[in-house]
Amino acid sequence: MVFERIAIIGLGLLGGSIGLAVAEHLPGAVTTGFDADPAARVRAAQRGLVSQVCDSAADAVRDAQLVILCVPVGAMGAAAEALAPALPASALVSDVGSSKQSVATALAAALPNNAVIPAHPVAGTERSGPDAGFASLFQQRWCIITPPQDADPAKVAALSAFWEALGSRVEIMDPRHHDMVLAVTSHLPHLIAYTIVGTADDLEGVTQSEVIKYSAGGFRDFTRIAASDPTMWRDVFLANKEAVLDMLQRFTEDLTALQRAIRVGDGAQLFEHFSRTRDIRRSIIEEGQDDARPDFGRSDHGS
Ligand SMILES: NC(=O)c1ccc[n+]([C@@H]2O[C@H](COP(=O)([O-])OP(=O)(O)OC[C@H]3O[C@@H](n4cnc5c(N)ncnc54)[C@H](O)[C@@H]3O)[C@@H](O)[C@H]2O)c1
Ligand SMILES: O=C(O)C(=O)C[C@]1(C(=O)O)C=C[C@@H](O)C=C1
């Protein structure tokens, strides 16, 4: 099964990148797209993010074989309901949401007559909107597919082949496990970045701008992450509440242990811990998973 007509709902960073990547890697496919924001639709058409920008979700999906929802996770249910009346029964519906259990439930409830196979390309930047997308976003990045237990293996294989064609490496995962893993590898780091940048900003009055002025290294990396889209991340934390709170509890305990090591002057514990984490970074780079995205995709586009 090869998808020749693909509808993309939400033409921001993810939706735009999928449209551009399809044009580059699957030139025989036609893409239709819709965004709830009229200004995003105009910009998407100017940038040629999809073959045709439509005025409604229904128009975008009318002839689609594959529909990919690229809206914030809290908007998935409403977006699916809006396109349901025009959706062909044979169309496969997927998404790119950063959390999977709540999205799977929302899509299955809104589209009871269609095959729904959720997915999550673990690829992104802090930028958002129709100017942010770029075709190489998915190159050598994981795409985690979380099929329901009764999913048709042929459809899972077709969706896997689609993401592989866009340059991704595909992993099949249980949605609950996905939400737990991503809580620690993606959601918690964002929460920490949002917190530390806010804390430093609160200290501005005390330090008379020195916090921001001298933040050339580590703190600067945190500010990039903390510039990520507020709507998207509000929705992720509300959707993946249980796993995030569980991981936050563990993180707090580990932070308290390091806090104590500093207080009592336990240099050996600090050294052992920092050596272990340095090894983890080195093993990531050896596996070729370091950030290899071209700079143009991160700095020249988007808000
Ligand atoms: N940003 C990342 O790094 C990243 C990475 C992987 C997955 N994701 C997931 O991808 C999804 C999209 O994120 P993004 O970064 O592309 O966000 P974005 O803000 O760049 O784009 C989302 C677009 O969806 C539109 N939209 C909102 N509600 C809609 C609706 N009901 N119908 C149609 N359009 C609607 C918005 O107008 C916006 O243009 C989210 O679920 C997010 O969790 C994001
Ligand atoms: O690189 C970044 O800016 C990202 O935040 C990308 C990132 C991540 O945490 O790895 C963010 C959210 C996703 O769902 C997937 C990828």
Side-chain angles (χ1 to χ4, degrees), residues 7-20 33-44 47 49 53-61 67-84 94-100 102-103 106-107 110 118-134 137-138 141-144 163 168 178-179 181-194 221-240 284 289-293 297-299 301-303:
I8 302 170
I9 306 300
L11 296 170
L13 170 66
L14 269 288
S17 296
I18 292 173
L20 293 173
F34 171 73
D35 196 290
D37 176 0
R41 293 203 294 275
V42 170
R43 192 65 192 122
R47 285 200 67 206
L49 298 181
V53 176
C54 301
D55 289 330
S56 70
D59 284 347
V61 304
V67 176
I68 309 179
L69 292 157
C70 303
V71 302
V73 290
M76 291 286 180
E81 279 167 19
L83 59 81
S94 189
D95 76 298
V96 295
S98 301
S99 65
K100 296 278 46 107
S102 68
V103 171
L107 295 186
H120 177 204
V122 188
T125 75
E126 72 281 15
R127 296 173 193 280
S128 58
D131 279 301
F134 57 103
L137 177 64
F138 310 110
R141 298 271 147 177
W142 287 107
C143 181
I144 302 174
W163 279 106
S168 294
H178 167 281
D179 286 358
V181 171
L182 270 292
V184 71
T185 60
S186 175
H187 306 169
L188 201 53
H190 278 77
L191 192 67
I192 292 164
Y194 281 126
D221 293 345
F222 279 117
T223 63
R224 183 186 78 77
I225 298 290
S228 300
D229 189 68
T231 303
M232 170 189 158
W233 284 100
R234 174 202 63 197
D235 284 8
V236 169
F237 289 118
L238 296 180
N240 201 21
I284 289 171
Q289 284 193 46
D290 193 24
D291 197 343
R293 283 168 291 179
R298 301 167 62 78
S299 53
H301 301 299
S303 55

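The first residue in the sequence is number 1, and the count goes up from there. Just so you know, ligand 1 is whichever comes first in the structure, and atom 1 is the first atom listed for that ligand.
Not a single heavy atom of A132 sits closer than 4.0 Å to an atom of ligand 1. Heavy-atom separations between H187 and ligand 2 are all 4.0 Å or longer. Residue contacts with ligand 2 do not include W142, since none of its heavy atoms lies under 4.0 Å from the ligand. Contact between A57 and ligand 1 is absent, with no heavy atom of the residue lying under 4.0 Å from the ligand. Look at P72 and you'll find a heavy atom under 4.0 Å from some atom of ligand 1.
Between L13 and ligand 1, at least one pair of N/O atoms sits closer than 3.5 Å. Of the polar atoms of H120, at least one N or O is found under 3.5 Å from an N or O of ligand 2, judged by distance alone. When only interatomic distances are considered, the shortest N/O to N/O separation between W233 and ligand 2 does not fall below 3.5 Å. Residue A123 places no N or O, backbone or side chain, under 3.5 Å from any N or O of ligand 2. Any N or O atom pair closer than 3.5 Å counts here, and S98 shares at least one such pair with ligand 2.
Near P121, the atoms of ligand 1 lying under 4.0 angstrom from a non-hydrogen atom of the residue are 6 (C). Contact atoms of ligand 1 toward G129: 18 (P), 20 (O) (distance under 4.0 Å to a heavy atom of the residue). Listed by atom number, the atoms of ligand 1 under 4.0 Å from H120 heavy atoms are 6 (C), 7 (C). Near V96, with a cut-off below 4.0 Å to any heavy atom, the atoms of ligand 1 are 7 (C), 8 (N), 9 (C), 10 (O), 11 (C). Here is the list of ligand 1 atoms found below 4.0 Å of a heavy atom in G10: 24 (O), 34 (N).
None of D35, I8, L13, D95 except one satisfies the side chain to side chain contact (heavy atoms under 4.5 Å, CB included) rule with C70; the exception is I8.
Between H120 and H178, the angle of the ring planes goes over 60°, which puts this pair in the perpendicular group of the 30/60° scheme.
With sequence neighbours left out, R41 forms a salt bridge (charged side-chain N to carboxylate O under 4.0 Å, His left out) with no residue at all.
What sits closest to atom 29 (C) of ligand 1 on the protein, heavy atoms only, is V71 CG1, 3.6 Å. Nearest protein heavy-atom neighbour of atom 5 (C) of ligand 1: A123 O, 3.1 Å.
Of the protein's heavy atoms, none falls inside 4.0 Å of atom 17 (O) of ligand 1.
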